[in-house]
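Reading through the structure tokens given below for one structure.
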Amino acid sequence: MAVFYPHPILDIHLISAKGNTFTDDKNRTYLDFESGIWCANIGHNPESIAKVYASQSQKIIHHHTYFKNNATENLSDQLLAISNFDNGAALFLSSGSEAVLCAITIAKTLLKKAKCVSLEHSYLGAYPTMISNTSEHIQVPFLKCDPNCDGHESWHCEHCAHVPNVLKELHEPFIFILELGTQEHKIIFPARKLIQYIYQKITEYNGLLVCNEITSGIGRTSEWFAFNHYDLKPHLIALGKGLGNGFPISAILMDQRIYSAPDLLNFKYAQSHQNDPLGAEVARSVIDFIIQNDWIAKSKEISHYFINRLTQLIDQYDSFIELRGKGLMLGLVCDKPETAIALQRKLLEHNIFVGCFAMHAIIRFFPPMTITEDEIDTLIDTISLFFTDKK
Ligand SMILES: Cc1ncc(COP(=O)(O)O)c(C=O)c1O
């Protein structure tokens with residue numbers, strides 16, 4: 001019975017998950033506003049994907065790294081087309097942590113002496129040691145851009161007090177690892193101007209842009225990738241989570257400059273699960289499912305509805321300060337950590353699971369794109385109940 005849990009847990013044993021819900025061993029069904037852990041972007045276990053598991057596992061699941069398979073080649077074509085990486089390539093691994101680390105390592109293989117730069121609290125690997133500030137990796141302290149920045153044409157990052165000097169002082173090739181939205185779960189999307197400012201520097205000094213789209217990709221922000229909101233062309237993209245919709249497959253997409261670089265031939269990666277056919281076939285069917293059902297467009301509509309309803313709550317209750325995020329990557333900032341913790345608990349009592357990042361008093365909503373207006377209404381009504389009960 002001994003399972004080691006290196007994270008906080010609830011005493012709830014799950015039996016099944018379907019669509020936007022999961023069910024426990026006491027037959028209680030919960031609405032899942034976390035999509036598993038931000039993975040089930042198209043809802044848990046759609047029928048068509050379940051069929052792919054069954055058929056592909058009867059053909060081939062895994063093989064030696066010496067061999068090739070059609071499933072990964074088809075998935076690669078599909079993802080490179082979505083990301084506009086003509087003549088690029090894809091490598092498939094298992095977890096997002098691996099993908100981000102591998103993407104950074106590839107970038108460092110090409111730009112050997114370059115510094116790595118990221119906004120503070122970006123996710124650079126599963127172990128805390130990966131995210132320490134070193135002379136080779138600068139984690140730029142960053143709070144928030146002025147919310148009005150993009151509306152003021154004359155404002156410039158070079159003269160902005162919000163933009164840290166370390167960014168302004170970059171005058172050499174550097175590798176920038178961009179993680180939009182999560183950054184220690186704060187769900188902060190910087191102003192377009194700041195991201196464009198960094199991007200122009202990367203371009204000017206012939207650096208490399210690595211986009212960590214593990215959480216924000218595959219439709220989470222109602223675009224294929226969060227960087228689509230900023231008009232960027234990254235050199236490397238790390239994908240995971242929503243790619244397998246819960247199945248552990250991740251990817252590193254590389255553009256032509258990376259894939260054709262002679263130094264890439266020196267890159268070696270020793271791991272047993274590379275380009276596995278089962279994960280690739282599952283991911284290919286996930287992408288097909290999104291395209292065929294037009295889920296990116298549909299998620300924009302449901303996101304508008306959700307944002308409107310959450311904004312009404314902010315107008316109604318003083319305990320809510322601000323709504324952050326894009327698409328279905330949303331965070332409601334509460335007045336204090338205790339409010340967020342109590343609200344998460346209350347919602348769970350009513351069979352609704354939402355995320356909570358207590359340190360920053362944030363209630364997190366990362367539901368599947370398949371979430372319905374009725375399900376959102378149930379959430380909003382239950383939140384209102386929380387305040388009525390308190391009176
Ligand atoms: C931005 C980001 N990158 C990488 C990861 C790690 O992905 P995985 O849990 O699949 O290893 C996470 C996990 O939450 C994440 O949020």
Spatial distance of atom [atom1] ([X]) from atom [atom2] ([Y]) [nearest 0.5 Å]:
X	Y	atom1	atom2	answer
C157	L194	SG	CG	5.0 Å
C116	I175	SG	CD1	4.0 Å
I376	I307	CD1	CD1	10.0 Å
W224	I237	CH2	CD1	12.0 Å
I371	L31	CD1	CG	5.5 Å
M369	D294	CE	CG	11.0 Å

Classify the side-chain pair [X]/[Y] by whether it contains a donor and acceptor separated by less than 3.5 Å.
X	Y	result
N69	T72	yes
D288	Q78	yes
H137	S118	yes
E375	T372	yes
S97	Y123	yes

Assess whether a salt bridge exists between [X] and [Y], defined as any Lys/Arg side-chain N lying under 4.0 Å from an Asp/Glu carboxylate O.
X	Y	value
K241	E213	no
K144	E322	yes
R364	E34	yes
R284	E281	yes
K233	D255	no

Greater than 12 external heavy atoms within 6.0 Å of [X]'s [atom1]:
X	atom1	result
D318	CG	no
E153	CD	no
H63	NE2	yes
K68	NZ	no
N27	CG	no
H13	NE2	no

Can you check whether [Y]'s main-chain N or O pairs, donor with acceptor, with [X]'s side chain at less than 3.5 Å?
X	Y	result
N245	V286	no
R345	A340	no
T23	T29	no
N20	T370	yes
E98	S94	yes
K112	T109	yes
E223	F225	no
K201	K168	yes
R309	I380	no
K115	F176	no

Check whether any side-chain heavy atom of [X] lies under 4.5 Å from a side-chain heavy atom of [Y], and answer yes or no.
X	Y	value
I104	L124	yes
L178	V210	no
P190	Y230	yes
L170	V117	yes

Can you spot which of I195, N212, T215, T221 makes a side chain to side chain contact (heavy atoms under 4.5 Å, CB included) with L180?
I195

For a side-chain hydrogen bond (donor to acceptor under 3.5 Å, both in side chains) check, start with the C-alpha distance between Y317 and D335, then their side-chain angles and the critical distance, and finish with the verdict.
CA-CA 10 Å; Y317 301 109; D335 54 349; over 6 Å; no

Worked verdict on S35 versus R220 for side-chain hydrogen bond (donor to acceptor under 3.5 Å, both in side chains):
CA-CA 10 Å; S35 304; R220 170 63 47 216; 3.1 Å; yes

Steps toward side chain to side chain contact (heavy atoms under 4.5 Å, CB included) verdict (F142, H121):
CA-CA 9 Å; F142 172 73; H121 304 306; over 6 Å; no

is_close_aromatic(F365, F306), centroid dist under 6.0 Å:
yes

Less than 6.0 Å separating the ring centroids of F85 and Y259?
no

Verify side-chain hydrogen bond (donor to acceptor under 3.5 Å, both in side chains) between D146 and H162, making sure each step is shown before the conclusion.
CA-CA 8 Å; D146 186 310; H162 293 268; 4.6 Å; no

Could you walk me through whether F247 and Y53 pass the ring-ring contact (aromatic ring centres under 6.0 Å, His included) check?
CA-CA 10 Å; F247 188 90; Y53 280 102; 5.7 Å; yes

Exactly one of F353, W38, F357 should register a ring-ring contact (aromatic ring centres under 6.0 Å, His included) with F366. Which one does?
W38

Using the rule that Ile, Leu, Val, Met, Phe, Trp and Tyr join whenever any side-chain heavy atoms are under 4.5 Å apart, tell me whether [X] and [Y] fall into a single cluster.
X	Y	result
L80	L209	yes
Y30	I352	no
F289	V282	yes
I37	M359	yes
I314	I363	yes

Step-by-step side chain to side chain contact (heavy atoms under 4.5 Å, CB included) determination, L236 to L253
CA-CA 6 Å; L236 287 143; L253 309 184; over 6 Å; no

Residue pair I362, R324: steps toward the side chain to side chain contact (heavy atoms under 4.5 Å, CB included) verdict
CA-CA 9 Å; I362 292 176; R324 292 188 190 154; 3.6 Å; yes

State, to 0.1 Å, how close N41 and I218 come at their nearest heavy-atom pair, and which atoms those are.
ND2-O, 2.9 Å

Report the C-alpha separation of V163 and K193 in whole Å, then their side-chain angles, then the decisive distance to 0.1 Å, and conclude whether the side chain to side chain contact (heavy atoms under 4.5 Å, CB included) test is met.
CA-CA 11 Å; V163 179; K193 233 181 234 171; over 6 Å; no

Could you walk me through whether F320 and F387 satisfy the ring-ring contact (aromatic ring centres under 6.0 Å, His included) test, starting with their C-alpha distance in whole Å, then the side-chain angles of each, then the deciding distance to 0.1 Å, before giving a yes or no?
CA-CA 11 Å; F320 298 132; F387 290 101; 5.3 Å; yes

